[in-house]
Amino acid sequence: MTKKKDVVPPGISGDISCGCDVGSVYKMEALLSVDERGQMVLPKDLREKAGIRPGDKLALFTLEKEGGFCCMALVKAENLSTLVTTILKPLGENVPEK
């Protein structure tokens with residue numbers, strides 16, 4: 001098995017609801033295959049590590065570049081409200097008063 005490469009995306013900072021610092025090191029955890037029905041399987045060890053259980057809902061976020069997706073990320077639905085607040089709150093602080 002090859003060693004996982006650590007990558008820190010530029011311009012990312014702050015905390016999210018799970019306690020991870022968004023500026024943390026990102027790792028390639030697995031290489032997934034897509035079957036003939038377009039489905040992918042997230043390996044069991046990663047589901048266990050992420051606490052993903054049958055019936056959980058996941059939000060898929062994408063980063064677009066030149067009209068296509070260049071990156072995708074999964075976030076447990078239960079963490080969405082805090083994640084959105086963390087991202088949007090600083091934007092509201094920069095809005096000029098009327």
Side-chain angles (χ1 to χ4, degrees):
M1 185 170 184
T2 59
K3 185 177 188 314
K4 296 173 184 171
K5 183 176 181 178
D6 297 344
V7 179
V8 179
I12 306 268
S13 64
D15 293 329
I16 57 175
S17 65
C18 65
C20 295
D21 181 287
V22 181
S24 297
V25 174
Y26 286 70
K27 297 179 181 181
M28 184 185 121
E29 294 286 353
L31 186 59
L32 307 178
S33 296
V34 179
D35 70 15
E36 63 278 350
R37 297 187 322 183
Q39 297 178 328
M40 297 175 273
V41 174
L42 190 59
K44 182 180 178 183
D45 62 325
L46 295 179
R47 292 192 312 270
E48 288 174 347
K49 189 175 180 181
I52 298 170
R53 308 276 181 251
D56 283 353
K57 300 288 184 191
L58 303 174
L60 174 67
F61 290 89
T62 60
L63 182 59
E64 267 189 56
K65 184 176 181 181
E66 299 174 3
F69 297 149
C70 64
C71 299
M72 293 187 271
L74 294 174
V75 175
K76 290 180 79 172
E78 63 195 44
N79 296 331
L80 278 179
S81 63
T82 305
L83 178 65
V84 170
T85 301
T86 301
I87 293 168
L88 295 181
K89 185 177 179 184
L91 296 176
E93 293 170 355
N94 295 322
V95 175
E97 293 184 30
K98 292 181 181 180

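From a predicted model like this one, the values you see are computed outputs, not experimental measurements.
- Of all non-hydrogen atoms in Glu48 and Arg53, the two that sit nearest each other are CA-NH1, 4.4 Å.
- Applying the salt bridge (charged side-chain N to carboxylate O under 4.0 Å, His left out) test to pairs two or more places apart or on separate chains, those with a residue in residues 59-76 are Asp56-Lys76, Lys76-Glu78.
- Leu63 and Val75 are assigned to two separate hydrophobic clusters, defined by single-linkage of ILVMFWY side chains at heavy-atom distances under 4.5 Å.
- Follow the hydrophobic side-chain contacts under 4.5 Å out from Leu32 and you reach Val34 in the same cluster.
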Report, one line per pair, each donor and acceptor closer than 3.5 Å where one atom sits in a side chain of residues 37-44; sequence neighbours left out.
residue	atom	partner	partner atom	Å
Arg37	NE	Gln39	OE1	3.4
Arg37	NH2	Gln39	OE1	2.6

